[in-house]
Amino acid sequence: MPRHPMIAPSLLSADFARLAEETARIADADWVHVDVMDAHFVPNLTLGEPVVKAIQAVSPVPLDCHLMITDPERWAPAYAELGAHNVTVHAEACTGDPRDLAKDLRAAGAKAGLALKPGTPLEDYLEVLRDFDTLLVMSVEPGFGGQSFMPEVLGKVREARRLVDTGHLDLLVEIDGGINADTIEAAAEAGVDMFVAGSAVYGAADPGAAIAGLRAQAARAIAP
Ligand code: DX5
Ligand code: ZN
């Protein structure tokens, strides 16, 4: 099956005073990535459920919520209930079995995502991932936009791609952190389906053109 690279611009690099306009500027994107940070799981604080609900009400693009928060069992289902398309929690933050949380997210109508920090091995979650729809491989330490891509995480992407292609897993492989024109080809070759890009999209004069450019570049990199 040919892969079609997809782009999820991260609102972390958008103008927070104009979130409705900022989602309208990326109407051609596949998902819009919303980084929820609680200043506990990561050393930064962004926005929470009320603001995500407001974004959901106006966004022309399905919401991809990346929850960088402690106690995801308590907080994550609300994001599924408000209508987010995909809700991703961090494996490192789960206190119980992440599969129970995946079940709750799916029951509330969302896709369930599991995120791994750069140092977290994929092998520890192979069984668990069978119950997830999305694997988010972090290619920077979570917390801030505009950091440099960590190519050492591509081994995890390659292994996840292999497991999906051989039918052992059934999920989208997503990457987050430092994706731009210099790094997207290596990520595409390794097997990424969904590319999060914050500064590379919102830092561009024309975000729509940046999305199209990144998507085409990734497609060329995997063309037979
Ligand atoms: C970082 C966030 C990312 C961030 C990516 O913790 O999870 O989604 O917005 O930003 P760039 O693409 O600028 O690295
Ligand atoms: Zn993110």
Side-chain angles (χ1 to χ4, degrees), residues 5-16 19 22-23 25-26 29-48 51-52 55 59 61-70 72 75-76 79 84-93 110-120 132-154 156-157 172-188 192-205 207 210-211 213-215 217-218:
M6 294 174 281
I7 309 293
S10 169
L11 282 180
L12 189 60
S13 298
D15 181 347
F16 271 31
L19 288 173
E22 294 289 65
T23 62
R25 291 171 83 204
I26 54 143
D30 297 280
W31 290 355
V32 58
H33 185 84
V34 185
D35 289 302
V36 174
M37 305 187 190
D38 67 353
H40 290 275
F41 183 71
V42 288
N44 195 4
L45 181 68
T46 54
L47 42 77
V51 179
V52 176
I55 298 168
S59 176
V61 178
L63 261 58
D64 174 29
C65 292
H66 176 194
L67 305 184
M68 286 160 275
I69 60 173
T70 55
W75 301 108
Y79 293 87
H85 180 73
N86 181 77
V87 177
T88 291
V89 299
H90 266 270
E92 307 85 358
K111 292 189 181 303
L114 194 69
L116 304 181
K117 296 209 268 185
T120 303
F132 279 84
D133 305 293
T134 310
L135 166 65
L136 179 60
V137 177
M138 289 303 300
S139 40
V140 297
E141 288 300 335
F144 300 92
Q147 303 183 76
S148 298
F149 182 70
M150 298 170 69
E152 58 268 36
V153 306
L154 292 179
K156 277 192 273 191
V157 171
L172 273 186
V173 181
E174 184 175 14
I175 198 161
D176 183 9
I179 291 294
N180 55 41
D182 296 329
T183 57
I184 196 165
E185 290 176 19
V192 170
D193 299 295
M194 180 69 72
F195 302 84
V196 176
S199 38
V201 169
Y202 281 107
I211 292 166
L214 289 169
R215 207 189 263 130
Q217 209 183 341

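Only heavy atoms go into these numbers, but all of them, side chains included; no hydrogens, no water, no symmetry mates. For clarity, every value in this text was computed on a predicted model and none was experimentally measured. Just follow the structure's listing: the first ligand is 1, and inside any ligand the first atom is 1.
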Could you go step by step and tell me if H85 and D64 meet the side-chain hydrogen bond (donor to acceptor under 3.5 Å, both in side chains) rule?
-> CA-CA 6 Å; H85 180 73; D64 174 29; over 6 Å; no

E92 and T120: side chain donor to acceptor below 3.5 Å | yes

Show which side-chain atoms of residues 143-152 pair as donor or acceptor with protein atoms under 3.5 Å away, not counting sequence neighbours.
from	atom 1	to	atom 2	distance (Å)
Q147	NE2	E141	O	2.8
Q147	NE2	F144	O	3.0

Listed protein N/O/S atoms, distance to the Zn ion (ligand 2) under 2.8 Å = H33 NE2, D35 OD1, H66 ND1, D176 OD2

Do the numbers put K117 on top of the ring of F41, so that NZ or CZ is under 6.0 Å from the six-membered ring centre and no more than 45° off the axis?
-> yes

Between ligand 1 and the protein, which N/O pairs are shorter than 3.5 Å?
from	atom 1	to	atom 2	distance (Å)
ligand 1	6 (O)	G143	N	2.7
ligand 1	7 (O)	D35	OD1	3.0
ligand 1	7 (O)	H66	ND1	3.2
ligand 1	7 (O)	D176	OD2	2.9
ligand 1	8 (O)	H33	NE2	3.3
ligand 1	8 (O)	D35	OD1	3.1
ligand 1	8 (O)	D35	OD2	2.9
ligand 1	8 (O)	D176	OD1	2.7
ligand 1	8 (O)	D176	OD2	3.0
ligand 1	9 (O)	S10	OG	2.8
ligand 1	9 (O)	D35	OD2	3.1
ligand 1	12 (O)	G198	N	2.8
ligand 1	13 (O)	G146	N	2.9
ligand 1	13 (O)	S199	N	3.1
ligand 1	13 (O)	S199	OG	2.5
ligand 1	14 (O)	G178	N	2.8

Electrostatic pair R215-D30, nearest N-O below 4.0 angstrom = yes

Which residues pass the side-chain hydrogen bond (donor to acceptor under 3.5 Å, both in side chains) test with T70, sequence neighbours left out?
-> D38

Check whether the side chains of T88 and N86 place a donor and an acceptor atom closer than 3.5 Å, and report yes or no.
-> yes

Does any non-hydrogen side-chain atom of N180 lie less than 4.5 Å from one of S199?
-> no

Report yes or no: do H33 and D35 form a side-chain donor-acceptor pair below 3.5 Å?
-> yes

